[in-house]
Amino acid sequence: MVELAGSDPANGVRLVTSTVPAGVTVIGNEKVLAVPKSVWPRPVVGDVVVMAAPGDRVSEVRPRRNVLRRADPAGGEQVLAANVDVVAIVCGLDRPVKTGRVQRAAALAWDCGATPILVLSKADLSTDQDAAEGEAHVANPGLEVFTVSVAADTGIEALRQRIAGQATVLLGESGSGKSTLTNALLGWDAARVGEVRAGDHKGRHTTTERHLFELPTGGCLIDTPGIRAIGLPADLSLSDDQFADVVELSGDCYFRDCTHTSEPRCAVLAAVAHGTLAAGRLEQWLRLNAEIASAERRSDPHAQRQFERKRTKQVYKPTKELKQQGW
């Protein structure tokens, strides 16, 4: 058995491998352990828990280093995994790589203190692998990019060495190749692999729950179900590391609270105008900040009502002016 950080099997301290309706499963124990209501926080994949004698239930969840979370489409937020080192954002090259989706996933990784990396899977199905990799580098400066193909057995070893000894979460939409990649990195068929639709290359959610596997190189790998929406939590702040180019330029803006939208003497807008900063980078920065602000308003009913009133005034103001002019 590979020794994993935080676990101490001799003393009943184990790593959670999956959560099931009846409880959780842990490394080195085939039983489903019950989780009493008194145990808080509720354990998730990646948690280190203490097994109570005689080893049929959880008595404690050890303090977490971090949690990878997203806004829950049903409301509130959802914890995807605990004690994460690396978030591998998996995008299949059998379909367009969505920069906005990559940036949202990277924001979640930076938020929890993990390092995001971009994995371009299914490289053998790409019509121009080099161009796709180059575009990914340009759209996501500072993000490590790994181009892999399980079918052609390329790039797998480099990725395996990158995540060796660390807790890595695979994050991506259904059909992006996460389960196939999991099996390749482990060296055995641990995860069930499904087919994708021929029309849009979408998967059928072969993986239905998060599951943790021990890596032969040390550390662990967490395969996750395909995620349709990567919502940002209300209290998330964009990391300076994610948009280092925008942050560096903003230091030269005339106004300290510059929003980089219409202010005079804005260094960021000037850089876009002169072509030294890609317009797409600023658009992504603005879009993510707007999404976070929207999440904050939704979590605060009073702020949401104020926003709606302001927007209503903006909509009806031109109509009112036209009426005053006799139209």
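The first residue of the sequence shown is numbered 1, and numbering continues consecutively from there.
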Sequence neighbours excluded, every pair satisfying salt bridge (Lys or Arg N to Asp or Glu O under 4.0 Å) that has a member inside residues 248-258: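 Found none.
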Partner of D47 under salt bridge (Lys or Arg N to Asp or Glu O under 4.0 Å), chosen from R14, R65, R64, R210: R64
Test applied, salt bridge (Lys or Arg N to Asp or Glu O under 4.0 Å); reference residue, E173; option that passes from R95, K178, R228: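 Exactly one pass, corresponding to R95.
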Connected via hydrophobic side-chain network under 4.5 Å: I230 and V67: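 As far as the 4.5 Å side-chain criterion goes, V67 and I230 are not connected within one cluster.
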Report yes if some heavy atom in the side chain of [X] is under 4.5 Å from a heavy atom in the side chain of [Y]; otherwise report no.
| X | Y | result |
| --- | --- | --- |
| L68 | V87 | yes |
| L143 | P116 | yes |
| L232 | R70 | no |
| F146 | L118 | no |

Verdict with reasoning, L221 to I163, per side chain to side chain contact (heavy atoms under 4.5 Å, CB included): CA-CA 9 Å; L221 187 67; I163 65 174; 4.1 Å; yes
Separation between CG of L249 and SG of C258, rounded to the nearest 0.5 Å: 11.0 Å
Distance, nearest 0.5 Å, that separates CD of Q129 from CG of L93: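 Nearest 0.5 Å value for the CD-CG distance: 7.0 Å.
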Pairing of E283 and R281 as salt bridge, 4.0 angstrom limit: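 No, this pair does not count.
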Carboxylate-amine/guanidinium contact D8 R62, below 4.0 Å: no
Test side chain to side chain donor-acceptor pair (under 3.5 Å) applied to T99 and Q103, step by step: CA-CA 6 Å; T99 300; Q103 292 289 353; over 6 Å; no
V61 and V39: CA distance, side-chain angles, deciding distance, side chain to side chain contact (heavy atoms under 4.5 Å, CB included) verdict: CA-CA 7 Å; V61 176; V39 174; 3.8 Å; yes
Stepwise side chain to side chain contact (heavy atoms under 4.5 Å, CB included) test for L181 and V148: CA-CA 9 Å; L181 186 58; V148 304; 4.2 Å; yes
Please report the closest heavy-atom contact between [X] and [Y], naming both atoms and the distance.
| X | Y | value |
| --- | --- | --- |
| T25 | S18 | OG1-OG, 2.5 Å |
| G231 | L108 | O-CD2, 4.0 Å |
| C266 | H260 | SG-ND1, 3.5 Å |
| L15 | G46 | CD1-O, 3.4 Å |

Donor-acceptor pair, [X] side chain versus [Y] backbone, under 3.5 Å?
| X | Y | answer |
| --- | --- | --- |
| T17 | H211 | no |
| S294 | E291 | no |
| D94 | L125 | no |

Worked check of side chain to side chain contact (heavy atoms under 4.5 Å, CB included) between V24 and V58: CA-CA 8 Å; V24 299; V58 172; 3.8 Å; yes
For E144, all residues meeting salt bridge (Lys or Arg N to Asp or Glu O under 4.0 Å), sequence neighbours excluded: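 Salt bridge (Lys or Arg N to Asp or Glu O under 4.0 Å) check on E144 returns R162.
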Step-by-step side chain to side chain donor-acceptor pair (under 3.5 Å) determination, E157 to Q161: CA-CA 6 Å; E157 185 57 30; Q161 293 303 317; 2.7 Å; yes
Distance-only polar pair, side chains of S179 and D223, donor-acceptor under 3.5 Å: yes
